[in-house]
Amino acid sequence: MIKVRIETGERKVIEHLVSLTTLNKWLEDGILTPDTEVWSETLTGGVWKKIGDLIFDCSECGAEISVKDKICPRCGADVSEVEEDV
C-alpha cells in the first residue's frame, strides 16, 4: 500500500493508504494529478514524491514505466496491475 497525501485549498492534508491500482484509477478520474505527493518506503525511499515523478520497472523486460502506463512501451506487457512489494 502507498500513503497518498492530498493537500486541499485550505492547507489541510488528507492521507489515504491505497494500492497502485487505486492510484491509477484516481489519476484517470481526475481525483489526483501528477503533482499529488505520495509516500512509500519501497517506492519512494521513505520520502514524499510527486506521482508524476515515480518510475517503475516492468516485471517482464525491466523497461522504465510510469504510474500512468497500462502497457509496457517496450514489450507490451500489461502493467496496469502493478503491486508494491510489502
Side-chain angles (χ1 to χ4, degrees):
M1 300 298 275
I2 300 168
K3 188 183 294 183
V4 179
R5 179 174 70 180
I6 304 169
E7 294 188 33
T8 67
E10 298 84 37
R11 294 186 177 202
K12 294 181 183 175
V13 175
I14 302 167
E15 292 185 359
H16 295 281
L17 288 176
V18 298
S19 67
L20 283 175
T21 304
T22 301
L23 201 62
N24 254 331
K25 178 77 172 124
W26 287 0
L27 278 167
E28 288 174 5
D29 293 346
I31 296 169
L32 302 179
T33 70
D35 288 332
T36 303
E37 292 186 339
V38 295
W39 182 96
S40 165
E41 188 65 41
T42 56
L43 293 180
T44 67
V47 297
W48 289 99
K49 289 189 179 179
K50 293 180 180 179
I51 293 173
D53 294 340
L54 294 180
I55 300 294
F56 304 95
D57 293 328
C58 172
S59 60
E60 299 295 320
C61 72
E64 289 187 349
I65 56 175
S66 78
V67 72
K68 295 185 284 185
D69 288 331
K70 294 181 186 298
I71 303 293
C72 175
R74 182 189 293 166
C75 72
D78 179 2
V79 294
S80 62
E81 296 294 323
V82 175
E83 293 294 331
E84 177 183 6
D85 295 333
V86 179

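In what follows, every heavy atom counts, from backbone to side chain, and hydrogens, waters and symmetry copies are set aside.
Under the rule for a side chain to side chain donor-acceptor pair (under 3.5 Å), the partners of Thr22 that lie at least two apart in sequence or sit in another chain are Ser19. The side chain to side chain contact (heavy atoms under 4.5 Å, CB included) search around Thr33 returns Asp35, Thr36, not counting sequence neighbours. Judged as a side chain to side chain contact (heavy atoms under 4.5 Å, CB included), and not counting sequence neighbours, the contacts of Ile31 are Trp26, Asp29.
Distance CD1/Ile55 to CG/Asp57: 9.5 Å, rounded to 0.5 Å.
Trp39 belongs to a hydrophobic cluster whose other members, connected by ILVMFWY side-chain contacts under 4.5 Å either directly or through intermediates, are Trp48.
Closest of all the heavy-atom pairs between Arg74 and Cys61 is NH1-O, 3.3 Å. In this structure, Ile65 and Pro73 approach most closely via the heavy-atom pair CG2-CD, 3.7 Å.
With Val38 as the fixed residue, the side-chain contact (heavy atoms from CB on, under 4.5 Å) test singles out one of Leu23, Asp53, Leu32: Leu23.
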